[in-house]
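This report concerns only the one structure given below.
For the single chain, residues carry numbers from 1 onward in sequence order.
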Amino acid sequence: ERNVVPEFSFDKPINQHKTDTIRIKLDNPDMWFMMGYFVGDGWIEETVKKDGRSMHKIRFAVNTADEEYVLRRMRNILPLTDKKCPSGDKCNKYGCDDFVWFNIFKMFGKYAHGKRVPEWVQDAPVEYVQEFIDGYRTAD
């Protein structure tokens with residue numbers, strides 16, 4: 001099936017007794033750009049706090065040459081904060097903690113290596129796929 005705008009729902013634990021279901025529709029070009037960028041230069045870290053709660057950390061290495069453009073687009077979706085721990089001389093790390101996007105990115109694979117592109121990306125409307133490729137290319 002082609003031309004499908006993906007929709008997901010995730011169950012977010014609020015406390016021991018309550019779970020919220022969060023729905024998201026991937027219908028914004030910046031989301032697709034960000035997903036492509038993630039495949040090239042992103043990763044996620046699942047860490048557990050002392051109280052047992054999970055942190056859903058999302059990280060991007062952003063090349064200083066493209067920083068302004070990349071951040072402008074991705075910040076429309078996620079409140080990325082500057083970690084300013086240059087991982088090289090030409091790039092900075094940005095990140096945030098976000099349950100929903102953590103779970104979306106998890107479908108691509110956790111680490112910089114071993115990423116895969118889920119089938120729903122390939123079945124999306126062509127203009128979204130184009131943004132995805134653009135994001136991936138920009139990351140390289």
Tabulate below the donor-acceptor pairs under 3.5 Å that side-chain atoms of residues 98-106 make, not counting sequence neighbours, or state none.
| unit_1 | atom_1 | unit_2 | atom_2 | d |
| --- | --- | --- | --- | --- |
| Asp98 | OD1 | Val100 | N | 3.2 |
| Asp98 | OD1 | Trp101 | N | 2.8 |
| Asn103 | ND2 | Phe99 | O | 2.9 |

Checklist entry - Mind checking whether Trp120 and Val4 have side chains closer than 4.5 Å, heavy atoms only? => result no
Checklist outcome for this item: Note: Cys91 and Ala61 closest approach over all heavy atoms is SG-CB, 3.9 Å
Checklist entry - What is the minimum heavy-atom distance between Tyr37 and Val62, and which atoms define it? => result OH-CA, 3.4 Å
Checklist entry - What about Leu78 and Met55, same hydrophobic cluster or not, with Ile/Leu/Val/Met/Phe/Trp/Tyr joined at side-chain heavy-atom distances under 4.5 Å? => result no
Item to check | Flag side-chain contact, heavy atom, 4.5 Å: Glu45 against Arg59 | outcome: yes
Item to check | Which atom of Ser54 lies closest to which atom of Val48, heavy atoms considered | outcome: OG-CG2, 4.2 Å
Output side-chain donor-acceptor pairs under 3.5 Å for residues 6-14, partner residues at least two apart or in another chain, one line each.
| unit_1 | atom_1 | unit_2 | atom_2 | d |
| --- | --- | --- | --- | --- |
| Asp11 | OD1 | Thr21 | OG1 | 2.8 |

Next on the checklist: Please determine whether side chain to side chain contact (heavy atoms under 4.5 Å, CB included) holds for the pair Asn92 and Thr64, giving the CA-CA distance in whole Å, both sets of side-chain angles, and the decisive distance to 0.1 Å.
Outcome noted: CA-CA 7 Å; Asn92 288 309; Thr64 45; 3.7 Å; yes
Next on the checklist: Please report the interatomic distance CE(Met31) to NZ(Lys25), rounded to the nearest 0.5 Å.
Outcome noted: 11.0 Å
Checklist entry - What is the distance from atom CG of Asn28 to atom CG of Asn76, rounded to the nearest 0.5 Å? => result 7.0 Å
Next on the checklist: Check whether Asp82 reaches the backbone of Tyr94 with its side chain - one donor and one acceptor, N or O, closer than 3.5 Å.
Outcome noted: no
Item to check | Separation between CG of Asp30 and CZ of Arg72, rounded to the nearest 0.5 Å | outcome: 9.0 Å
Next on the checklist: Quick one, Phe38 and Ile44 - any side-chain contact, counting heavy atoms below 4.5 Å?
Outcome noted: yes
Pairs of donor and acceptor atoms involving the side chains of residues 126-137, under 3.5 Å and at least two apart or interchain, shall be tabulated with distances.
| unit_1 | atom_1 | unit_2 | atom_2 | d |
| --- | --- | --- | --- | --- |
| Tyr128 | OH | Asp27 | O | 2.9 |
| Glu131 | OE1 | Arg73 | NH1 | 2.9 |
| Glu131 | OE1 | Arg73 | NH2 | 2.8 |

Item to check | Close side-chain approach of Glu46 and Lys57, heavy atoms under 4.5 Å | outcome: no
Checklist entry - Does the distance from a Lys or Arg side-chain N to an Asp or Glu carboxylate O, for Lys49 and Asp51, drop under 4.0 Å? => result no
